[in-house]
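Just below is one structure, and these are the notes that go with it.
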Number of protein chains: 2
Amino acid sequence: MSRARQTVTLTADLVILTIRDGGLCVLLVERKNDPFRGRMALPGGFLRGDEALEQTAARELAEETGLAAEALNLRQVGVYSAPDRDPRRPRVVTCAFLAIAPDLPVPVAGSDARAARWSPVTEAAETALAFDHDRILADAVELARTLLQFSTVATAFCGPEFTIADLREVYETVWGVVLDKPNFHRKVTDADGFVVPTGEKRASLTGRPAALYRAGEAAELVPPMMRSRFGA
Amino acid sequence: MSRARQTVTLTADLVILTIRDGGLCVLLVERKNDPFRGRMALPGGFLRGDEALEQTAARELAEETGLAAEALNLRQVGVYSAPDRDPRRPRVVTCAFLAIAPDLPVPVAGSDARAARWSPVTEAAETALAFDHDRILADAVELARTLLQFSTVATAFCGPEFTIADLREVYETVWGVVLDKPNFHRKVTDADGFVVPTGEKRASLTGRPAALYRAGEAAELVPPMMRSRFGA
DNA sequence: GGAATAGTGTCTCTCAGACACTATTGG
DNA sequence: CCAATAGTGTCTGAGAGACACTATTCC
């Protein structure tokens with residue numbers, strides 16, 4: 001039997017990242033059913049007959065956050081297929097997707113009744129999540145860190161309009177580093193198509209008001225944002 | 001029915017790349033059965049009950065090339081799950097893996113009777129492959145190009161011992177560029193853990209003999225190999 | 001010696017990083 | 001005025017790229 005070709009059940013799991021209160025957070029749901037009942041897990045769902053996995057992920061994302069997939073930069077993290085990762089039969093194999101969200105006003109209200117909440121990734125990394133979701137989360141965070149280096153997705157963490165300081169906070173939070181303000185400012189505004197000035201300014205609580213920007217057209221960030229020295 | 005959760009069949013497909021006669025080549029097999037009988041396709045196989053997909057890929061790789069997976073830098077390219085990608089029922093979803101092989105002495109002799117052969121990727125890209133294998137091949141080649149930039153996998157294209165010129169040929173072939181010999185030499189020998197001199201020399205047909213190297217311990221290449229301007 | 005390939009020296013330009021400095025707001 | 005944040009100027013050092021030059025082999 002172990003040598004026979006096998007049918008499996010496929011799921012798409014989501015690692016939805018955002019920045020809240022200065023920390024990188026991930027959306028977790030509490031499992032209401034076995035296996036792993038009561039344990040926190042990544043949101044996800046089963047593949048339907050007429051879907052590709054990307055659509056399954058987009059559908060789940062809309063259910064969990066109310067946001068359209070296009071805006072959230074859905075990217076494949078990888079496939080997790082260890083035979084013992086899920087005790088159910090037939091085997092459950094999952095494909096993980098990374099989504100990057102701005103700080104959402106509501107913690108989340110899914111269409112189903114699952115208790116969903118934002119959890120700092122530092123905490124989540126210490127908690128034992130259901131299945132192999134610890135590993136998936138770690139892989140997704142690492143992917144997000146790499147993406148910040150070479151793409152313009154950092155703007156997806158911000159709202160439609162943001163200041164350079166907002167954007168810098170994204171890099172500092174996700175990478176756990178402190179960046180030089182003047183150099184970051186130049187780098188970002190010089191990069192072609194990364195940010196576009198709106199002409200507006202946002203008054204800060206104190207100090208000089210900052211110019212507002214929108215995300216530019218470019219997807220790739222050239223030259224890449226350096227990530228030489230790291231922090232906690 | 002389309003809304004119901006579905007069981008699928010999983011396969012692992014392999015994009016095995018090597019360099020032959022100065023060109024980047026991929027291993028293709030001719031399909032003996034429907035669907036796509038007679039069409040060229042990527043080698044692959046079905047997931048077995050006791051395996052993870054990585055093991056399925058490693059097993060197929062050993063069957064097709066006789067090489068152990070450890071040596072060949074097996075990496076996940078992605079999952080391909082479009083509902084119409086395979087006409088069979090139940091649905092077939094595949095996970096593609098990239099493998100990088102040195103120029104093998106024998107074109108290939110699989111344990112099964114399939115006609116396998118190395119095909120230049122430029123040709124393969126023009127041919128219509130079975131299923132969505134054109135797309136998978138393109139994605140895998142792009143991944144390989146990126147990997148050369150940031151990792152030391154280029155040595156996997158070479159045999160156990162190689163010259164700096166051999167390694168340079170790998171970059172030039174995969175990227176389709178011409179690199180400056182002196183600068184490449186310095187870059188590679190200076191990078192920490194990329195190549196290790198064996199102390200031996202290989203006599204070339206003409207000119208000064210080149211020093212031989214082995215692959216170093218480092219997996220990541222810092223600083224990365226630049227890929228600023230491109231060629232054909 | 002000449003042809004061919006391996007490898008070194010050295011200059012220039014770009015860009016990351018450090019950091020002094022100026023600009024604009026509210027108290 | 002001061003405090004605080006936004007943004008500019010400028011220097012330095014590392015590394016990419018260009019390319020002149022030296023080194024070692026076979027004929």
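Excluded from the calculations below are hydrogen atoms, water molecules and symmetry mates; all remaining heavy atoms, backbone and side chain alike, are included. Labels below follow one simple rule: chain letters A, B, ... track the order of the sequence lines, proteins then strands, and each chain is numbered from 1.
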Open item on the list: For the CZ atom of A/F97 and the CD1 atom of A/I136, what is their distance to the nearest 0.5 Å?
Closed with: 11.5 Å

Task: Contact letters for nucleotides 22-27 of chain D, in which S counts primed atoms plus P, OP1 and OP2 and B counts the base, heavy atoms under 4.0 Å - done: -BBB--

Open item on the list: Whole angstroms only, please: what is the CZ-P distance between A/R168 and D/dG7?
Closed with: 10 Å

Open item on the list: For A/G45 versus A/D13, what's the shortest heavy-atom pair and its separation?
Closed with: N-OD1, 4.5 Å

- [ ] Could you tell me whether the side chain of A/Y171 and the main chain of A/L148 form a donor-acceptor pair under 3.5 Å?
- [x] yes

- [ ] Name the nucleic acid region contacted by B/K181, choosing base, sugar-phosphate or nothing; use a 4.0 angstrom heavy-atom cut-off, strictly under.
- [x] nothing

- [ ] Please examine the side chains of A/T146 and A/R227, heavy atoms only from C-beta on, and report whether any two atoms are closer than 4.5 Å.
- [x] yes

Open item on the list: Between C1' on C/dA6 and CD on B/E169, what's the gap in Å once rounded to a whole number?
Closed with: 16 Å

Task: Short side-chain N/O contact from B/H185 to OP1 or OP2 of C/dT8, under 4.0 Å - done: yes

Task: Atom pair distance, as rounded to whole Å: CG in A/D192 and C1' in C/dT14 - done: 16 Å

TODO: Rounded off to whole Å, could you give me the CG-to-C1' distance for the B/D190 and D/dA16 pair?
DONE: 12 Å

Task: Nearest atoms (heavy-atom pairs only) where B/Q76 meets B/C95 - done: CG-SG, 3.6 Å

Task: From CZ (B/R214) to CZ (B/F162), nearest 0.5 Å - done: 9.0 Å

TODO: Determine whether the side chains of B/D139 and B/Y80 contain a donor N or O and an acceptor N or O closer than 3.5 Å.
DONE: yes

Task: Under-3.5 Å donor-acceptor pair between A/R186 side chain and C/dG17 base - done: no

Task: Rounded distance in Å - OH (A/Y213) to P (D/dA6) - done: 11 Å

Open item on the list: Can you measure A/K187 atom NZ to C/dA18 atom P for me and round it to whole angstrom units?
Closed with: 14 Å

Task: Selected nucleotide, minimal atom distance to A/D180 side chain, candidates C/dG7, D/dA6, C/dA18 - done: C/dA18

- [ ] For A/M226 and C/dT14, give me the distance from atom CE to atom P, rounded to whole Å.
- [x] 17 Å

TODO: For the side chain of B/I164, starting at C-beta, report the closest nucleotide among D/dT8, D/dA18, C/dG7.
DONE: C/dG7

Task: Among D/dG15, D/dA6, C/dA6, the nucleotide that comes nearest once only the side chain of A/A165 is considered - done: D/dA6

- [ ] Figure out the CG/P separation between A/N183 and D/dA14, and round it to whole Å.
- [x] 16 Å

